[in-house]
A.B. asks: 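I have a structure I would like to understand better, so I am pasting it below and will then ask my questions one at a time.
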Amino acid sequence: SLHDALPIYGYYDIPLRCLKSRSTANLWGAGRLVSADAVAFASVRVMGIGFATGQAAGVAAAFLAAGRGTPVSEIQAELRRQGACI
């Protein structure tokens, strides 16, 4: 699996709140739209991270639209169920 191919070092977390719009209800961004400082943005904007944050943004939007809120642990569980590498 992709998860097994990744090294166990050199990674960082991207908090879910970095993907959510502050001013528009249930608007989520991914890839280059992620909120980050200049140092973090250099690696956040790459294609693989764009795919991962896009999937996370979609799951979070679906949870919110379904009235489930955005419980991070449940969103992470759903991403894992979908085979996402988180």
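Positions are given from 1, in the same order as the sequence printed here. When reading the values below, keep in mind they use all heavy atoms of this one structure, side chains included, and skip hydrogens, waters and symmetry mates. All values derive from a computational prediction rather than experimental measurement.
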A.B. asks: Quick one: do W28 and T70 satisfy side-chain contact (heavy atoms from CB on, under 4.5 Å)? Show the steps, please.
C.D. replies: CA-CA 12 Å; W28 300 80; T70 55; 3.7 Å; yes
A.B. asks: Do you know the tightest heavy-atom contact between A60 and N26?
C.D. replies: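 Scanning both residues, the minimum pair turns out to be O-OD1, 4.5 Å.
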A.B. asks: For the CZ atom of R22 and the CZ atom of R17, what is their distance to the nearest 0.5 Å?
C.D. replies: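 Reported to 0.5 Å precision, the distance equals 10.5 Å.
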A.B. asks: How about L27 and K20: do any of their side-chain heavy atoms sit closer than 4.5 Å?
C.D. replies: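 SC-SC contact between L27 and K20 ruled out.
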A.B. asks: Would a single hydrophobic cluster contain both V46 and I14, if residues Ile, Leu, Val, Met, Phe, Trp and Tyr are joined by side-chain heavy-atom contacts under 4.5 Å?
C.D. replies: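 I14 and V46: one cluster.
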A.B. asks: Do V34 and L79 sit in one hydrophobic cluster, given that two such residues count as connected whenever their side-chain heavy atoms are within less than 4.5 Å of each other, even indirectly?
C.D. replies: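 In one cluster with V34: L79, yes.
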A.B. asks: Atom CD of Q82 and atom CD of Q55: how far apart are they, to the nearest 0.5 Å?
C.D. replies: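 Between Q82 CD and Q55 CD, I get 5.0 Å after rounding to 0.5 Å.
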A.B. asks: I need the minimum non-hydrogen distance between F41 and R32, along with the two atoms involved.
C.D. replies: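 It is CE1-O, 3.4 Å.
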A.B. asks: Give me the atom names and distance for the closest heavy-atom approach of A57 to G29.
C.D. replies: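 That closest heavy-atom pairing would be CB-O, 4.0 Å.
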A.B. asks: What is the minimum heavy-atom distance between G31 and T53, and which atoms define it?
C.D. replies: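 Between these two residues, the closest heavy atoms are N-OG1, 2.9 Å.
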A.B. asks: Where do G50 and A30 come nearest, in terms of heavy atoms and distance?
C.D. replies: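 In terms of heavy atoms, the two residues are closest at O-CB, 4.1 Å.
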A.B. asks: Please check if L33 and I49 belong to a single hydrophobic cluster, counting links between Ile, Leu, Val, Met, Phe, Trp and Tyr side chain heavy atoms closer than 4.5 Å.
C.D. replies: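 Result: no, two separate clusters.
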A.B. asks: With clusters defined by side-chain heavy atoms of hydrophobic residues (ILVMFWY) lying less than 4.5 Å apart, directly or transitively, does F63 cluster with I86?
C.D. replies: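 The answer is yes; both residues are in one hydrophobic cluster.
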